[in-house]
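Note that the structure is predicted; figures quoted are calculated from it, not measured.
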Amino acid sequence: MFYLVCFDISDDRARYKAGRMLKGFGYRVQKSVYECPNMNKSKLIKLKHKLEELIDQEKDTVRFYQLCKECLGVFDSSGNGEQPRIKDFFVV
């Protein structure tokens with residue numbers, strides 16, 4: 001599964017930690033937007049749980065959008081955008 005994860009986190013420290021955490025699951029495409037290819041259900045649950053522990057439930061928001069292959073095929077952008085990376089992602 002391919003997920004687009006975006007967040008609005010008010011605390012600088014929590015936002016930094018969220019970004020570092022998400023780099024372990026995918027690629028940063030904008031300041032608070034990450035593309036996470038090759039997610040399975042257990043990875044998604046793990047990521048959601050970690051982010052929910054990090055954020056302020058009253059102030060912050062994290063959104064997870066599942067994108068299908070057909071959706072990725074009709075990707076469009078303006079400006080300096082790249083095609084979503086669908087290749088395998090490895091953490092070393």
Take F2 and K69, measure what side-chain contact (heavy atoms from CB on, under 4.5 Å) needs, and give me the verdict at the end. CA-CA 8 Å; F2 188 102; K69 284 186 177 183; over 6 Å; no
Determine whether M39 and L47 satisfy the following criterion, side-chain contact (heavy atoms from CB on, under 4.5 Å), listing intermediate values before the conclusion. CA-CA 10 Å; M39 295 286 284; L47 176 61; 3.9 Å; yes
Given the rule in the side-chain contact (heavy atoms from CB on, under 4.5 Å) test, do L22 and V5 qualify, once you have shown the distances and angles that lead to the verdict? CA-CA 8 Å; L22 278 159; V5 182; 3.9 Å; yes
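Between L4 and E35, the shortest heavy-atom contact is CD1-CG, 3.9 Å. Shown here for P37 and G26, the closest heavy-atom pair between the two residues is CD-CA, 4.2 Å. The two residues A18 and L51 make their nearest non-hydrogen contact at CB-CD2, 3.8 Å. In plain terms, the two heavy atoms of R15 and S10 that are nearest each other are NH1-O, 3.5 Å. Minimum heavy-atom separation, V62 to F7: CG2-CB, 3.9 Å.
How far CZ of R13 is from CG of L54: 10.0 Å, rounded to the nearest 0.5 Å. The OG1 atom of T61 lies 12.5 Å from the NZ atom of K59; values are rounded to the nearest 0.5 Å.
No side-chain heavy atom of I45 sits less than 4.5 Å from a side-chain heavy atom of K43. A heavy-atom distance below 4.5 Å is not found between the side chains of D11 and D56.
Clustering ILVMFWY residues whenever any of their side-chain heavy atoms sit less than 4.5 angstrom apart, transitively, puts V33 in a cluster other than the one holding F75. Transitive grouping of hydrophobic side chains (ILVMFWY, heavy atoms separated by less than 4.5 Å) brings M21 and Y34 into a common cluster. Under a hydrophobic clustering in which Ile, Leu, Val, Met, Phe, Trp and Tyr are joined whenever their side-chain heavy atoms come within less than 4.5 Å, directly or via other members, F25 and M1 fall into the same cluster.
Judged by distance alone, with hydrogens and angles left aside, the side-chain atoms of R20 form no donor-acceptor pair with the main-chain N or O of K23 at under 3.5 Å. No donor-acceptor pair under 3.5 Å is formed between the side chain of R63 and the backbone N or O of C6.
Counted within 6.0 Å of CD on E53, heavy atoms from surrounding residues, nucleotides or ligands total more than 12; the atom is thus considered enclosed.
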